Amino acid sequence: MDVRIIYTIVNLIILFGLIWFFARKFIAKDFLSRSFRNRRENINRQLDEAAEAISIAKSTEDIMFSEEKAAEEKLVVIKDEYAKRTAEKINGIMSSCGEERYAMLRENDRLLSGLRAEMYETVRNNAIKKAKEAALQLMSKEPYASAFREKEKEIAESILSKIAITPGDMVYLKQKDILYVTLTSTYPLEQDLVDEIGKQATVIVEQAGGKISYWVKTDVSLVGGLKLRIGDTVYDGTISDLLYRMTKTIGQKTIEEDFSAQKFADTLINNVKNTKMDIGVYQLGRVVSISDGICWLDGLADIMYGEVVEFISAGERGMILDIEPCKIGCIVFGRYEHIEAGDKVRRIKHMAAVPVGEAQVGRVVNPLGVPIDGLGTIRTSEYRPVEFHAPAILDRQSVSVPLHTGIKAIDALVPIGRGQRELIIGDRQTGKTSIAVDTIINQKGKNVICIYVAVGQKETTVADIMSKLKKFGAMEYTVIVCADAYSSASMQYIAPFAGTAIGEYFMYKGRDVLMVYDDLSKHAVAYRELSLLLHRPSGREAYPGDVFYLHSRLLERSARLSAESGGGSMTALPIIETQAGDISAYIPTNVISITDGQIFLETGLFNEGQRPAVNVGLSVSRVGGAAQNPFMKKTAASLRLNLAQYRELESFAQFGSDVDENTKKVLESGARIMAALNQPRYSPLPDDREALIIFAVTEGYAAKVSPADIGKFEKALFEYFDSMHSDLLKIIGSTVKPSSEDIANIKKALTAYVESY
Ligand code: ATP
Ligand code: MG
């Protein structure tokens, strides 16, 4: 038995040994070669894939960076062009002299920096566009697309962790009892995932006491990922939205922060690689109708008044001005012809704002802060809201520093202090704008930033003002915010607010600012137009009920800040145009009651040749007296008295020529004073000279001079004091009360001058 078993075993061993001996070569060869072949094929395939991925990546990179390379070449061309132009100009500059040369150089400089900024901006925008296209291409190709598909579940989880019912959805649920939930993915999702998302959405809506209507869609234009819309809120985990958000944040950065396509690509890849992909949460609405720049929307459940929305396909922006139960009224900034009913509108969760900064000084911008003077892009890094609360009472201090206009009649009789609001009011063509422009020119060297806001003015008027300001070197410290007559009512409506926001930037930095609003009647008309289009009930003169609030909230932002709050100030010179001198119309009375006084310009006086045609009887300054020089204050008191007497008698004197000697004297002196208050445009005077000439005339030193010759008398007087008594001019202009001895000296000098004249 044992022997047999041993035989069998031995036989089997021999058999296997023989088989192994003969078949060894074939088995090993076949087995090994097959496994090697497999491996080689594998390696080859991987190599091919890698090569393909590299070639895709390479071509993408090429697209991304070619733009930048092209830009660098372009920049060289621009620099050459600029050098050529400068060379041409330099002869002209060198032949001019002093101040003019300086101004030309500055202008040139500004042009260059603007051009360069613009250049970089276009390059950057193009690069963003190209990078976006390239990224889209990349993400829609293998192996990236399928790699991203594996993340769908994670994205769905992040979305589900974010979903909530917003107050707007609550309101909708209360009314309709049902909430629409839409799941959109790039490629069809697994049924389990779809069901899971539906289940969780149902739970959250049922908790809020409603039902859901669940819709599932696919859309390849999303490039990758999925999004869920509950009510008006979208939870977006798609690549297309990721790209949108990335381009937006890059677009907001300043050029100095430097954008490169490389960085963009890196961020994108990082974002996609990241297991927790960022989910964008935003709200959507839809255009219901659009007409005359007013757009009615629905959706956008939680939108707030004054918020900015973006029209997705048109690219324009708008601001919410009306919220009603079933519709939302929005004004469109810019063109609105290409916006269609049904267009999607996206909430971007910030209030209307303008870019602000030092770089705006010397420029002309539209109410959105976009330059319109052809000097290129403005580099700023800050935004300020268009609507901002006025400084609180505790942050203010009373007016005490003068803001000289350089106009005799105004500085003597209606003095303006820094932080004051003084209305310039009068019929058309009575010199309102001229006063404001002269005031701006007079701020040269006084460290005041001036902002001229043109609302509904003719383009030629604005161009003329700009060239005049340039000529007198006043553009160096001035910003012009222009919404001309051609601009839409929405632009005209926000212009003063935008200008104020630009001014506030400087005020809160402790600087002094002068705001000119030319003019608020046209602003009120633009607002009336908007309100009527928004179907708001019209009140007196068809203006909406809140037109007072419109101007009060604008002008209340002017203030003199206390030292603790930085000590800056904002002085406002709003302008109002009256019809046939009627200051009791709706808008004039409103603005008169808001401001701290008014300068009333009269057509009659203007036609008589009085320039500026200030009616001293109706003009007042309620707070500016505190900011007047002591000498001027004293002089102005007797001036006011003299003028009052003159005006009283003047009307009587018109009836008969028979007047007694005393009356005749008062009339003559009055005419002389009126002549002395005459002042041509663009010739503001320093305050000491203003006080000197008014003192001389009111104190009777010009008694022998006819009113027509007052101009000559004044000129010679200034020359005399300049050469002989500059110390006395200093006393007159000082903020210290002059002693009786000083006054006596001034009088003595005047007597000496009159004798020699
Ligand atoms: P509008 O109603 O058109 O805005 P306005 O009230 O702003 O007019 P301005 O444009 O300032 O008035 O001036 C009207 C005219 O009065 C101008 O042609 C200007 O030359 C003239 N003018 C204004 N002030 C003076 C002045 N001080 N000396 C001489 N001319 C003046
Ligand atoms: Mg004007």
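We count residues from 1, following the sequence as given. Quick caveat, the model's predicted, so the values are computed rather than measured. Just so you know, ligand 1 is whichever comes first in the structure, and atom 1 is the first atom listed for that ligand.
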Pairs of nitrogen or oxygen atoms closer than 3.5 Å, one from K432 and one from ligand 1: do any exist?
yes
With a distance cut-off below 6.0 Å to the six-membered ring centre and an angular limit of 45° from the axis, does R511 pair with F506 as a cation-pi contact?
no
Have a look around the Mg ion (ligand 2) and list protein N/O/S atoms under 2.8 Å, or say none.
T433 OG1
With heavy atoms of E577 as the reference, note each atom of ligand 1 found under 4.0 Å away.
2 (O)
Closest to atom 21 (C) of ligand 1 among protein heavy atoms sits F606 CZ, 3.9 Å
State, with a plain yes or no, whether a side-chain heavy atom of F548 is found less than 4.5 Å away from one of I594.
yes
Compare R681, R428, Q429 and give the one whose heavy atom is closest to atom 14 (C) of ligand 1.
Q429
Salt bridge K522-E577, side-chain N to carboxylate O under 4.0 Å
yes
Between S683, S434, G609, A409, which one has a non-hydrogen atom sitting closest to atom 24 (N) of ligand 1?
S434
Can you see which heavy atom on V361 is nearest to which on E476, and at what distance?
CG1-O, 3.1 Å
Output the list of atoms in ligand 1 that are nearer than 4.0 Å to some heavy atom of Q679, sorted by atom number.
26 (C), 27 (N), 28 (N)
Donor-acceptor under 3.5 Å (Q443 side chain, H404 main chain)
yes
What's the shortest distance from atom 7 (O) of ligand 1 to any protein heavy atom, and which residue and atom give it?
T433 OG1, 2.6 Å
Using side chain to side chain contact (heavy atoms under 4.5 Å, CB included) as the criterion, list what pairs up with A495, not counting sequence neighbours.
P367, V453, V455, A483
Just distance, no hydrogens or angles: give the donor-acceptor pairs under 3.5 Å from side chains in residues 664-672, sequence neighbours left out.
| residue | atom | partner | partner atom | Å |
| --- | --- | --- | --- | --- |
| R672 | NE | A702 | O | 3.3 |
| R672 | NE | V705 | O | 2.9 |
| R672 | NH2 | A703 | O | 3.2 |

Taking the non-hydrogen atoms of G426, is any one of them nearer than 4.0 angstrom to ligand 1?
no
Y549 OH: over 12 foreign heavy atoms closer than 6.0 Å:
no
If you apply the rule side-chain contact (heavy atoms from CB on, under 4.5 Å), what do you find for Y682 with K471, and how did you get there?
CA-CA 10 Å; Y682 316 124; K471 186 174 160 201; over 6 Å; no
Which heavy atom of the protein is the closest neighbour of atom 12 (O) of ligand 1, given with residue, atom name and distance?
G431 N, 3.0 Å
With sequence neighbours excluded, tell me which residues meet salt bridge (charged side-chain N to carboxylate O under 4.0 Å, His left out) with R536.
D322
